[in-house]
**Q** 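Take this structure first; my questions come after.
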Amino acid sequence: MQKTLKNLLFFFVIFTGAANASVEKTQSFEKTLNGVQSILYSVPIKARALLSELEKVELKQNQPLPLLVRYYLQKSTVDLLLNDPESAVLAANTGIELAKNDPLLKADLYLMQLRLGQARILKGEEALVLDQLDTLLAESQTLNDPSVTAEILLVKGQAYKAQNDYDVSMAALMSSLEAAKTTQDALLVERIASSLGGILVQLNGFDKASLLLDQSYQFFRERKMSFNQLLVKLDMAELAKKQGDKKQALLEYKQALQIAQVLGDGSHRFRINLQIADLLLQSGDTKSMGRYLKQTDALRDRETIRYYISKYNYLKANENLLNENFQGAIDLVTPLIAGQADLTRLYRTEIELYLVASKAHFGMEDYKNAYLTLLDYQNRFNNFSADEQVDNLERQQMLFNLEKLKAENQHLSWNNVLQTLELKTNEDKVEYLNVLVVAGVMATVLATLAALWINRRRARWGKIANTDSLTGLYNRRYLSTQLDKLKAEMESNGEPIGCMLLDVDHFKKVNDTYGHPVGDKVLTGIAELFKNNLRRNDVCSRVGGEEFMLLLPNSQLEQAQLIAEDLRTRISELAFLTEQGDEFNVTASFGVSSVEPGQSLSDIYSEVDKLLYLAKQNGRNRVESSGLDNTERDATQSVQSSPSMSDKFSRLGRGMRRLKFRFAQHFS
């Protein structure tokens, strides 16, 4: 019996010792987790080191489930802060598996799922994350925990930011801030506020962004939360850069670099050194630029974001140019440019590679490739600048619309604004295919309208080229083309063609007496008479200052004479008014002949011009035709053989006016 009691006592002592050892390990484990929690956003590098020690020593022992879940939550958070999405995904998935069957760990489960979503955002899977966040937000309402709601909305804002939907991102962050303010978690509030400041920088809301970022920075600084200070400093540097204050931006980046060096954060050190080197290159301090760029070489392999990789390549190519290593610059840039062919939109540094290549070709005296590459750079840069200006305007419009929506609906919460914007976004997605269909139809319609417009413009310019600008009648060019057509018809059908040339009598006197505007009215009045009294197929053109030539298809000489007499009479009956309101009349002289098959326009014109001159010699206001009898012909010839000096001057004046008119028509 005594022996049995001794054995029981021995086992009790051993069991009590083991239990106490287990409790001590659990307490140690929890104490370490509390320590990690306190430095999580201050020194994430140190927090990761502490978590690694736990994994090596104590995590292999059985620990309570809540502590294990808390461990994986902290680990996934640290991995996210240090830009290690792959490790964050592993830690989050492990924690989710542990917590999913315990109803008491619902809040931790939601936070773990959030960390998984944040890791996927870093991997570029934000579209998938947004759908999962909507489900998560709906499920979390049963917890009635505003801090969880605020965290979900914070991640939602980050996802929309990754998609460049800055207006929806801002609404999500404002809604998150509303939820966070109902808790006692000041850190959560400032984390959201600093993220909101970063969004306002992108939306060009510089004043509000500056206020939020300064406030958040002071909060984190007082609590010695170095990592959050680093993130805020980066946003402050971006704000200064967008405002055009490169000196202040350089100062902010250098302060951020000091914090990153203290934290031992290689990922951020790589990015900050690049930003500083880029600003120094722009300011012309190439010596300092090289020093900062050298700091990035050992950290290059850690970077996966295309924006920073492209900036690194751009700066390294410029370093080759500065060292006159032109071949090295070309060897670096050429494959990079080829790899950009399939990208829909390029960063500025990717476009600048074309300029680097052009300078390198020029340095090697390959002027042809230098010129061609420079042209390519100019085209791409012009498109980029236009897109960048449109983006800036759209972002400012987003901020204005958000403020307007909130101002017009004071009773709405930011959560209502977020839901309104998300509903609009979803409607836009649903209508996207319809827009594409409509765009295709519109493109077809526009192409048709463009073709019609081109044809109409062509017809209009054709009309301008063939008509006289003052009277609207045809000009000599069109008359020549129509004569060729009529002669072809005459040869095939045997239809006669009549021709007449008329001249307004004493027209120079009209201009000298009443002024050129009145003279123009005379010409337009006669032109209108022709339009109203000639047949549809007759061709009437203005061939001189006051001279008109008519082609009359299917008209014998006798018919042409009758038409000429009718027109002469109607012209003499026209009444014109001077600028003073006085009425006056004009007359016209006509020369009429028939067109022969072999005659050119010059031949015809010469013949009817002689007849017109004869009409002038015989007293004006009359018709002379090629159908005169021999007696009249002899009389005409005798008159022509001895013209007076005044007749010679008159004919010379008419010839000069014709020449002047033709020059004017040609150059118009």
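Values below: all heavy atoms of this structure, side chains included; hydrogens, waters and symmetry mates excluded.
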**Q** Please set out all donor-acceptor pairs under 3.5 angstrom arising from side-chain atoms of residues 247-263, sequence neighbours excluded.
**A**
| unit_1 | atom_1 | unit_2 | atom_2 | d |
| --- | --- | --- | --- | --- |
| Gln248 | NE2 | Glu252 | OE2 | 2.8 |
| Glu252 | OE1 | Lys233 | NZ | 2.7 |
| Gln255 | OE1 | Lys233 | NZ | 2.4 |

**Q** Looking only at the side chains, is there a donor atom on one of Gln327 and Asp331 sitting less than 3.5 Å from an acceptor on the other?
**A** yes
**Q** Please check if the side chain of Ser210 supplies one atom and the backbone of Asp207 the other of a donor-acceptor pair under 3.5 Å.
**A** no
**Q** Among side-chain atoms of Asn313 and Arg300, is any donor-acceptor pair under 3.5 angstrom?
**A** no
**Q** What pairs with Phe219 under ring pair (Phe, Tyr, Trp, His ring centres under 6.0 Å), at least two apart in sequence or on another chain?
**A** none
**Q** Regarding Tyr110 and Asp108, do their side chains bring together a donor and an acceptor under 3.5 Å, going by distance alone?
**A** no
**Q** What is the ring orientation for Tyr312 with Phe270, classed by angle as parallel under 30°, tilted 30 to 60°, or perpendicular over 60°?
**A** tilted
**Q** Counting neighbours of CG on Asp131 that are heavy atoms of other residues, nucleotides or ligands and sit closer than 6.0 Å, is the number greater than 12?
**A** yes
**Q** Which word best sums up how the rings of Phe227 and His268 line up, parallel for under 30°, tilted for 30 to 60°, or perpendicular for over 60°?
**A** perpendicular
**Q** Just jot down the salt bridge (charged side-chain N to carboxylate O under 4.0 Å, His left out) partners of Arg221, sequence neighbours excluded, or say none.
**A** none
**Q** Keeping Ser358 on the side-chain end and Tyr354 on the backbone end, is there a donor-acceptor pair under 3.5 Å?
**A** no
**Q** Consider salt bridge (charged side-chain N to carboxylate O under 4.0 Å, His left out). Of Lys241, Lys246, Arg271, Lys311, which one does Asp278 pass it with?
**A** Lys311
